[in-house]
2 protein chains.
Amino acid sequence: MIKTIDGATAGRRELKRRQTRERIEEAAMSLFLERGFDATTVEEIAERAEVSKRSFFDYFPSKEEVVFAWQDGFADHLMAAIASRPADEPAVKTVQHGLVSAIVSAADERAMALGELIRSTPALKARDQLKYAKLELKLTEALKARSRSDEERLRVRLLAAVVIGALRAGGELWNEQPPGTSLETFAHRFFGDFWKTLADFGYEGQDL
Amino acid sequence: MIKTIDGATAGRRELKRRQTRERIEEAAMSLFLERGFDATTVEEIAERAEVSKRSFFDYFPSKEEVVFAWQDGFADHLMAAIASRPADEPAVKTVQHGLVSAIVSAADERAMALGELIRSTPALKARDQLKYAKLELKLTEALKARSRSDEERLRVRLLAAVVIGALRAGGELWNEQPPGTSLETFAHRFFGDFWKTLADFGYEGQDL
DNA sequence: AGGATTTTTGCATCGAGTGCAAGTTTTTAC
DNA sequence: GTAAAAACTTGCACTCGATGCAAAAATCCT
């Protein structure tokens, strides 16, 4: 039995398994980007990854999941970032920092191409939206864990909903931004505007 | 050629077509609710609706679409409700009234069962989230049409995002409500809390 | 009625996804 | 080091959703 640096067991078995998984991911992504999601068959992916079609489904439950597997990283990063903030920090601040941190670390060349692929494939669009819902759920849980009163827990559910909404709207806005803009700067500026606008909405809604 | 009250042409052809569509919808829904979405095959639906499997796909592009077809009504109602409000009313107020009106008119026995079906079927969950995204888009467009300045148009995008977030969170909360609660009362109370909470968030975010 | 048009159907086909049993590789225990 | 146990891979057969196409049936128009 071989031990890795981080203490996880990694016999030949697990090692090979991880490599195979990566090979499949690699093969799938390159094919998707070459000819599109729908025009790529699982058999072609399996062939390029040098496994059988049947084994593909041993690693990924469906063709779609290959696209979204790596995106779990975003949620994980966000959770970690939130957990690392002081416990007495206001939730609003915690969330903004967590999100900006996760966004900046997730936005690379690959992510952009992926985004384009998703946007241009109806079947993936639906699955993509589900990701936001899952993220919202996780965010709610993470924030609930930090809150003390029951009242705070209700607020936190709304905060998650609102902030994920902002994430989507912000993403759209970012795509319309001239190239060369700094993502971090944009994100901070966007949130600044966002809280201000929220205050306005809240104020306007008071007398209803 | 036969003319109907509303002036739309309705020869035997169109009439029969509408009837068939309804029969398929009826057949599909009853089967979905009886044995679940996945356990129902298109062939069974076609059989109960007395059409061929091939014809099913002439009326609906996919099995999933049967579930979501009727839900277009919600968006339409919302658009109409928004259009009917005075043009100089603040957007926040317009949106709240529109949503409450659409919610109340859409929430019947059937809708509840549908909701449960969707919640318990992973494949439908994803498609359901897409509906929110589409609704957000439509809402944004409807509000943009009412706004005059460019600045207002940006605000309106955020308002749509935030308010659809509230719709989802509110829906969840409603499902946890004791039975017998008035939906309209609940909705108005919820929005009241919502704007207040929004104001808090906005205030807390200012000093970032 | 009867020719033109639209709808419905059957059939063949593709691709995603699953269950199963047989074959292969890695691990573990002696 | 070897052999049994456990985990992994593969091929095969099959189900089901979805699409294209051409023949057949229903409807429309004059």
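Here is how names work: the chains are called A, B, and so on, in the same order as the sequence lines, proteins then strands, and each is numbered from 1.
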Problem set entry | Strand-adjacent residues in residues 21-36 of chain A, judged by heavy atoms under 4.0 Å from DNA chain D | none
Exercise. Can you name the side chain to side chain contact (heavy atoms under 4.5 Å, CB included) partners of B/A145, sequence neighbours left out?
Worked result: none
For this session: Rounded off to whole Å, could you give me the CZ-to-C1' distance for the B/F56 and C/dG10 pair?
Result: 18 Å
Exercise. Looking at C/dA16, D/dT9, D/dG17, which one has an atom nearest to any side-chain atom of A/Y59?
Worked result: D/dT9
Problem set entry | Distance-only polar pair, side chains of B/Q129 and B/R168, donor-acceptor under 3.5 Å | yes
Exercise. Within this structure, what is the CZ-to-P distance between A/F37 and C/dA16, rounded to whole angstrom?
Worked result: 8 Å
Seminar exercise, completed: B/I45 CD1 to D/dC16 C1', in whole Å, measures 12 Å
Exercise. Does A/N175 have any side chain to side chain contact (heavy atoms under 4.5 Å, CB included) partners at least two apart in sequence or in another chain, and if so, which?
Worked result: A/R119
Exercise. Can you name the salt bridge (charged side-chain N to carboxylate O under 4.0 Å, His left out) partners of A/E89, sequence neighbours left out?
Worked result: A/R85
Problem set entry | Contacts of type salt bridge (charged side-chain N to carboxylate O under 4.0 Å, His left out), residue B/E141, not counting sequence neighbours | none
Exercise. Tell me: CZ of A/F57 to C1' of D/dC8, nearest whole Å?
Worked result: 17 Å
Exercise. B/R17 CZ to D/dC28 P: how many Å, rounded?
Worked result: 13 Å
Problem set entry | Distance in angstrom units between B/E43 CD and C/dG10 P, rounded | 10 Å
Which donor-acceptor pairs under 3.5 Å do side chains of residues 103-113 of chain B form with protein atoms, sequence neighbours excluded?
unit_1: B/S105; atom_1: OG; unit_2: B/H77; atom_2: ND1; d: 3.1
unit_1: B/S105; atom_1: OG; unit_2: B/A102; atom_2: O; d: 3.3
unit_1: B/D108; atom_1: OD1; unit_2: B/A111; atom_2: N; d: 3.0

Listed pairs under 3.5 Å, donor-acceptor, residues 67-75 of chain A side chains, sequence neighbours left out:
unit_1: A/W70; atom_1: NE1; unit_2: A/V67; atom_2: O; d: 3.2

Exercise. Are A/R155 and B/F201 in a cation-pi contact, defined as NZ or CZ under 6.0 Å from the six-membered ring centre and within 45° of the axis?
Worked result: no
For this session: Produce a footprint string for nucleotides 10-15 of chain D: one letter per nucleotide, 5' end first; B if the base is under 4.0 Å from any protein heavy atom, S if only the sugar-phosphate is, - if neither.
Result: BBB---
For this session: Identify, with sequence neighbours excluded, every residue that meets salt bridge (charged side-chain N to carboxylate O under 4.0 Å, His left out) alongside B/K144.
Result: none
Problem set entry | B/R48: partners by side chain to side chain contact (heavy atoms under 4.5 Å, CB included), with sequence neighbours left out | B/A27, B/S30, B/L31, B/E34, B/R35
For this session: Check the distance between D/dC8's C1' and A/L15's CG and give it to me in whole angstrom.
Result: 14 Å
For this session: Could you check how far CG of B/D38 sits from P of C/dT18, rounded to whole Å?
Result: 10 Å
Exercise. Can you list the residues that meet the side chain to side chain contact (heavy atoms under 4.5 Å, CB included) rule with B/Q19, with sequence neighbours excluded?
Worked result: B/L15, B/K16
N/O contacts under 3.5 Å, protein versus nucleotides 21-25 of chain C?
none

